[in-house]
Structure formats: C-alpha cells, structure tokens
Amino acid sequence: MINIKENERLSIMNHSCAHLLAQAVKHLYPNALFWVGPVIEEGFYYDIDLGDEVIKEEDLARIEKEMKKLAKDGKRIVRSELTKEEALEKFKDDPYKIDLISRMDESDTVISCYTQGDFTDLCRGPHVESVKELKYFKLIKFSGAYWKGDAKNKMLQRIYGVCFETLEELNNYLKELEEAKERDHRKIGKDLEIFMSHDLVGKGMPLWLPNGAIIRKQLENYIYEKEQKMGYMHVYTPCVGTVDLYKTSGHWDHYKENMFPSMKVDDEEFVLRPMNCPHHMLIYGNKLHSYRELPIRIGEFATDFRYEASGAVKGLERVRCMCQNDAHLFVRPDQIGEEFKKVVSLILDVYKDFGIQNYKFRLSLRDKEDKEKYFDDDEMWNMAEDKLREVLNELGCKYYEAVGEAAFYGPKLDVEVKPAVGPEVTLSTCQLDFLLPRRFGLSYIDKNGEKQVPVVLHRAIFGTFDRFSAFIIEETKGAFPLWLSPTQINIIPVNPEFHLDYANEIYDLLKSECIRVDLDSRNEKLSYRMRESQTRKIPYSLILGDQEKENKTISYRKHGEQLTTTVTIAEFLTLIHNEIDLKQR
C-alpha cells in the first residue's frame, strides 16, 4: 500500500483535500471549528469540534457529496500572508486557531493562510492551484480524538479521507483497504476467539483466549525445540527488577521514557522490566566460567512491559505487555562470527518454515556524533560493526545500513518483514554487546588462567510472540496450517441420531493421537454445520454417514475446498501426522 506522506504530489493533494473537507463541513455545520488536518501515510484527517453534533456513518456520504460540489465549482486556492497580530484578529472567534497562533515563535513574523471561495484556513501549505484538481477522493472513516492528544481535553471528531490523481488509483487503494480489513488480525482475532482486550485490564494488555493460548503454545514449542537442539538453556526470571538493576545496565539513563513508572515496596524501588538482558547477565555471573564452557546460550520466554502511547497500541502488533522469544549468548571474541552466523541461519530456517519471503536485513549502526546516546568507545564500536558486516558478507546476505538505529550498547541486525498488508515490521533482531558485560563485571577464565570479559549477543527470532502471532494471523487470514490451528479437525456426523456412535469412536481415537478435535453433534442441518466449520477455518472437516460407518472409513473436506475425499482410518492418521510433523503450510 502506497505511503501517501512520502509522495510529494499526493501529499500536496491530500493536504488540499483536508481543506476541502473542512470547507464542506463548514457548509453543513456552520458552527464547526477546526483544529489540525495533517497528511498521514494513509491519506489525511481533520480534527473538528462540532459542538453537540455527532458524526454518524451516513453523514460521511453527505459531506463527500458537498466536497464534490465544491470541487466541481473549481475555486482557486489563494495564499495570503498575515502578521501575528493580524492573524490573531482574523481568527479571534476561533479558540483552536488562536491556540496555534499564540504558540508560534515570535520569529514567525509572517503567517500564511489559504482561501478557497468562502473558506479560509490557517496553513503553511503548499496546496494545489485549484480545488478542481481534487476529483478522486473518498472519506474512509471517523473517530474521536482528544484535543492535542490529551485525555484531559475536549473530545473532537476526526474524519479520515484519501485523495488520488486518478480514479484507477483510488479504486485500487480502496480494494487494498478492503483486503486489509479482511486480514486485520484484530477482527480475525475477535471472530476466531484468539484474543481480547478490556478497559478494566488496560490498553495494550491483550488477554489470550483458549484458542490463542494454543497458537502461542505451539509457537513456543516450535522455537523451544529448535533452540534446545542448538544448546540453549532456558530460564525463568521475575517480571520486575529494582531501579538499581537498570541503572547498572544503563537502561535507566537510555530507556527510562519507555518504562512504566517505578514503585516502592518496603525499602526497595522496583520497575516492570522492559527487557531481560540484565536478569540474564546476573544468571551468567552467578558462578565462575572457564573459556571451555563458552558459548553459553541463555534463553527465556519472558513477559516484558513497555510504555506505548495509547494511540499507538494496536491489537497484538503493538502492545504494552509482551512475551519475548529472547536469548543472550555469552561468547569469547573469537566465537562472535560463528555464533552470529548461527543466529542468522536460525532466522532463515524459521522464515523458511513459515513461508516468509518478503524481508530485508538492516544493519543498525551508531551515530558517531551522538555521544549522549551511544557509549563512547570508538574501538569497541568499530570492532563490533566490522564483525557484523563481515559475517553478513560471508553469508551473502543483502543488507542496508542505518546510522543512528543501533542500541546504546552495540550495533544490531534487524530483519524487516513486509506483511500481507501495511508497512514493514521488525520481527527478528540480533545485537552485539561489548558494554553490558563490563557494567555487570562479567568474566571467564581464559586458557592462561586470566580473567577476560565475554561478549554478548542479544537475539530474538520471533521478536515477540504477540507481534509474530499478529503477523501470522494476517498472512493466513486466520486459516492456520494444521500444526498451528487451535482446532485441527471438526467431526460432523451426517445424522447425529444414527451416526453419533461412530463419530464418538473417531473422536476418541483422534484424541488419543493428541489431535485437537471437535465434535459437532448439534441437531442442525449438515450444510449449516459444514458452513460454520468453514467459517471457523478449521483445516479438516470430517463427514461421517452411513457409508463411513459401515466401511470404517473417513470422508474429509479441507478448508477452502469443495472436494470430499474418502480414505481408511489408517490412511487418514498417516496423512494428518505427516502434515503436522512436516509443519506443512
């Protein structure tokens, strides 16, 4: 989907269309007052104070009709300049514009306005020459929005829209929007009872329902098995730590604004942990290590908490409470290349299993001029960055470099994945760290009997189970592969009165084979139960009638298909187990 904000022509058109929206609203609601109407990635919006009036779904078509009428009239958009005093006088009856003008720097001696017909708005511009250029637009949705984003202020009404140069571009965009709605993990998550949220728990704090818990557990089992084979040792650590812990690590100075507020208990001050590396540093430091023990790989499925603005939280994709697929690898300097290579190989192996193909590597580096954010040790940084480049080049991985995107303690590899809809998201990361082991006084005894400081690789393959689940939900539209599906098989006896005994026999057999199975014996039409099984996106629906009962066979239909196949029980079990074991998509 195109990023309108990054396209200069479309950005100008959409900003002009925001003014057209405001003019139309002013015609229909003469008492309307306007806050701001910026261009965003998906088009534009305008925040409006309509007093006691409330925008409803049907009002969008009425406003759109007035916008088309005004565009057809073809008024030129004319720029004019005012002094600050003139602007305050001109907008003296508009408290929102007065607020904007009053907060302008005194050096802004000239303030610009744009007028189209009977409507004038405060604006820096630029705009199109005439409203006649605004032919292909659509109002998308509306919502509430607090003035200045502050919940203590008045609730305004926000109308979203989009504008393109051609009808074809607009129609293509609207089709993409419909596709996005169908794939939205929040809608699918609700329809398939995967997760929920509740104001009593709080924004960005998802509740995983039984179906979601199964998906998450399967993901945990999958990555745990891979990590076990690679020599990872898993641990459990508390969801809190003292403020002193994060002062020691350096996160208190560099990450405090992303943490929840601290809380005092007795004579200690705690904070909900935003990451797990400090805990893992202490576990490593719990005993003396020999160089022969390294690398030591400590993994954890850890619940972390990070403060996200309420407007930024989104389903499972962006949350305040998350579970990371986290690990910290303690290595000797001579092991950095090999261990980093293994992490990249694991990422690629996982992406292959899940069919993830549209991704790119970003090598996130420090900004050498930023001495405040990044630990000041040129030798350390140059060594770390060169080592990551060396391994990526050796593996033949295409990557681009991003200065200023590194963690405060070291460079990192970010894997940016393009989902089915929406902008790229970062799933996997691997960070190289020479700093935290020093801060925690970590060491190992080398072959000469001397103490040395280990290097740490911070890595997360899934990133968080939350975001990865959101990604998979949208990729599959909720039609999960058999191994991941909450319900793998749905048994539907044709006539429960005559076929229920055989259905129960198959149900018990599948249960004994550790298959997640449902039995729909409701007194409803077969077609209705089949349709509902498809709606629930269950991979296999079994239809058991007279022939199946008599011949001890199974007739099945796969999700999304019309073909019904009949096989023996033994053949079906082999089919199912093979598909699960091979993690077929």
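Using a cut-off of 4.0 Å between Lys/Arg side-chain N and Asp/Glu carboxylate O, E308 and R306 are scored as not salt-bridged. The pair E474-K314 fails the salt-bridge criterion, with no side-chain N (NZ, NE, NH1 or NH2) lying under 4.0 Å from an Asp/Glu carboxylate O.
In this structure, the side chain of D433 engages the main chain of L435 through a donor-acceptor pair within 3.5 Å. With hydrogens and angles disregarded, no donor-acceptor distance shorter than 3.5 Å links the side chain of S485 to the backbone of I538. In terms of modelled atom types and a separation under 3.5 Å, the side chain of R366 and the main chain of P411 share no donor-acceptor contact. Remark: the backbone N or O of T303 is paired with a side-chain donor or acceptor of R273 at under 3.5 angstrom. Between the Y173 side chain and the E42 main chain, a donor and an acceptor come within less than 3.5 Å of each other. Side-chain N or O atoms of D49 include none that pairs as donor or acceptor with a backbone N or O of L156 at under 3.5 Å. In terms of modelled atom types and a separation under 3.5 Å, the side chain of K135 and the main chain of K72 share no donor-acceptor contact. Side-chain atoms of S262 do not come within 3.5 Å of backbone N or O of V271 as any donor-acceptor pair. For Q431 (side chain) and H458 (main-chain N/O), no donor-acceptor pair under 3.5 Å exists by modelled atom type.
A donor atom on one side chain and an acceptor atom on the other are not found under 3.5 Å apart for D121 and Q23. There is a side-chain donor-acceptor pair under 3.5 Å between D304 and Q324. Under the 3.5 Å distance criterion, with hydrogens and angles disregarded, no donor-acceptor pair is assigned to the side chains of S428 and Y359.
Annotation: the span from R318 atom CZ to T464 atom OG1 amounts to 10.5 Å, rounded to 0.5 Å. A distance of 6.5 Å separates CG of L177 from NZ of K181, quoted to the nearest 0.5 Å. Rounded to the nearest 0.5 angstrom, F119 CZ and L20 CG are separated by 9.5 Å.
Sorted by first and then second residue, the pairs that involve residues 259-280 and meet ring-ring contact (aromatic ring centres under 6.0 Å, His included), not counting sequence neighbours, are H280-H328.
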Query raised in the report: How far apart are the C-alpha atoms of E89 and K92, what are their side-chain angles, what is the distance that settles it, and do they pass the salt bridge (Lys or Arg N to Asp or Glu O under 4.0 Å) test?
Result: CA-CA 5 Å; E89 174 61 26; K92 63 183 179 182; 3.1 Å; yes

Requested in this report: Starting from the C-alpha separation in whole Å, work towards a yes-or-no answer on salt bridge (Lys or Arg N to Asp or Glu O under 4.0 Å) for R216 and E220.
Outcome: CA-CA 6 Å; R216 180 160 149 178; E220 289 177 358; 3.4 Å; yes

Query raised in the report: Between L70 and H27, does a side chain to side chain contact (heavy atoms under 4.5 Å, CB included) hold up when you go through it step by step?
Result: CA-CA 10 Å; L70 290 168; H27 280 198; 3.5 Å; yes

Requested in this report: Kindly determine whether L316 and F465 satisfy side chain to side chain contact (heavy atoms under 4.5 Å, CB included), including the steps that lead there.
Outcome: CA-CA 9 Å; L316 295 176; F465 289 102; over 6 Å; no

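Aromatic ring centres of F471 and F354 lie farther apart than the 6.0 Å criterion allows.
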Show me the donor-acceptor pairs, under 3.5 Å and distance only, between side chains in residues 141-148 and residues at least two apart or in other chains.
residue : atom : partner : partner atom : Å
K148    : NZ   : D99     : OD1          : 3.1
K148    : NZ   : D99     : OD2          : 3.3

Return a table of donor-acceptor pairs under 3.5 angstrom between the side chains of residues 187-206 and protein atoms on other chains or two or more places apart.
residue : atom : partner : partner atom : Å
K187    : NZ   : D191    : OD2          : 2.8
H198    : ND1  : L200    : N            : 3.0

